[in-house]
Protein chains: 2
Amino acid sequence: MPHIYFKRGELYSVINGMASTAVARRLQKNFRAAALEITIEQWSVLYHLWKEDCLSQQELCNRTFRDKPSITRLIDNLEKQKLVKRVSSAQDKRINLVCLTDAAKELQDTTLRIANETMEEALQGVRKDEIEMVKNVLQKVYDNLK
Amino acid sequence: MPHIYFKRGELYSVINGMASTAVARRLQKNFRAAALEITIEQWSVLYHLWKEDCLSQQELCNRTFRDKPSITRLIDNLEKQKLVKRVSSAQDKRINLVCLTDAAKELQDTTLRIANETMEEALQGVRKDEIEMVKNVLQKVYDNLK
DNA sequence: TGAAATTAGTTGCATAAACAACTATATGCC
DNA sequence: GGCATATAGTTGTTTATGCAACTAATTTCA
């Protein structure tokens with residue numbers, strides 16, 4: 001009868017997303033407080049498009065760690081809100097390029113400022129080298145399971 | 001025009017749940033492979049009940065970091081699957097105590113073994129002191145936003 | 001060339017989460 | 001006692017996720 005309960009440091013509490021959920025909720029709350037009508041999931045897609053516009057849906061899957069149906073529906077909703085549009089690729093008709101509208105471009109600065117402020121708040125009292133170490137460990141966990 | 005993009009170490013990638021999502025998916029996959037018909041969210045509720053049976057829904061909210069409607073519906077589904085039952089508290093009629101059935105008690109050992117194995121796999125190459133540091137940082141993040 | 005396999009994206013279905021509004025019970029306090 | 005307030009839980013609505021099955025376009029290769 002194994003009553004081990006995650007002897008290697010309570011993995012459950014390490015990685016159950018307690019912190020990421022808290023950050024996500026706070027970020028969503030701060031968006032709402034600024035009258036920004038987007039979800040953090042939608043924002044995470046826009047975030048990658050601001051770095052590089054007109055990515056394929058598959059590329060957005062890779063960069064946001066979501067599966068294809070999730071991206072399909074996020075893009076559906078972003079398109080309804082006139083924040084992106086699907087443009088069929090001329091080279092490969094299977095591919096939809098997802099491109100930002102002007103309205104989405106206008107959201108960039110405000111939402112990134114809010115995200116940075118939220119992160120500052122979340123990481124108060126955490127040293128840079130600690131952040132680096134957390135990043136490295138979480139990356140290793142991700143790679144271990146990939 | 002703030003093009004900072006999380007200067008304090010790409011908080012987005014630190015905490016966006018990439019690792020916790022990967023662990024959750026793997027755990028779910030391993031449950032399915034063992035013909036266990038529960039979701040990881042349901043399992044996370046059972047996990048706390050195995051530690052201490054007959055908690056109130058509110059207490060389950062606190063321990064699993066979920067809000068009340070989420071717990072209501074998780075308990076609804078667990079009750080449909082005959083894994084828990086709601087017992088009205090004699091002292092306070094507002095309170096439902098959520099108690100394990102025998103069927104749920106039988107799931108404990110197998111699912112905990114699978115969870116431990118999944119965690120071993122996820123944490124390969126990660127030292128104990130690194131796990132401790134990650135726990136501490138994520139706890140600090142959580143406390144900062146609470 | 002043309003059939004098989006691969007890749008990109010969509011749809012259906014079940015579960016889960018966030019938020020607001022709601023009911024019911026209990027507590028505080030005058 | 002009785003009214004105001006707080007607490008426990010439920011319901012409705014919208015959004016998001018996971019999985020499987022599906023269509024359409026492209027690539028592989030005999």
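Naming: A, B, ... by sequence-line order, numbering from 1 per chain.
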Basic-acidic side-chain contact under 4.0 Å: B/Arg32, B/Glu37: no
B/Lys105 NZ to B/Gln108 CD distance, which is reported to the nearest 0.5 Å: 10.0 Å
Sidechain N-carboxylate O distance under 4.0 Å for A/Glu41, A/Arg66: no
Salt bridge B/Asp143-B/Lys146, side-chain N to carboxylate O under 4.0 Å: yes
5'-most by nearest nucleotide on DNA chain C - A/Arg32 or A/Arg86: A/Arg86
Rounded distance in Å - CG (B/Asp92) to C1' (D/dT7): 8 Å
Rounded interatomic separation in angstrom, taking CD from A/Gln57 and C1' from D/dA25: 15 Å
Reading 5' to 3' through nucleotides 12-18 of chain D, protein heavy-atom contacts under 4.0 Å coded B for base, S for sugar-phosphate only, - for none: BB-SSSB
Rounded distance in Å - CD1 (B/Ile95) to P (D/dT10): 12 Å
Nucleotides bounding contact with chain A, strand DNA chain C, heavy-atom threshold 4.0 Å: C/dT7 to C/dA18
Residues in salt bridge (charged side-chain N to carboxylate O under 4.0 Å, His left out) contact with A/Asp129, at least two apart in sequence or another chain: A/Arg127
Pairs flagged by salt bridge (charged side-chain N to carboxylate O under 4.0 Å, His left out) wherever residues 88-101 of chain A is involved - sequence neighbours left out: A/Asp92-A/Arg94
For atom CG of B/Asn96 and atom P of D/dT11, their distance in whole Å: 11 Å
Partner set under salt bridge (charged side-chain N to carboxylate O under 4.0 Å, His left out) for B/Lys80, not counting sequence neighbours: none
Spacing of A/Lys93 atom NZ relative to D/dT27 atom C1', expressed in whole Å: 16 Å
With sequence neighbours excluded, residues passing side-chain hydrogen bond (donor to acceptor under 3.5 Å, both in side chains) with B/Glu79: B/Arg86
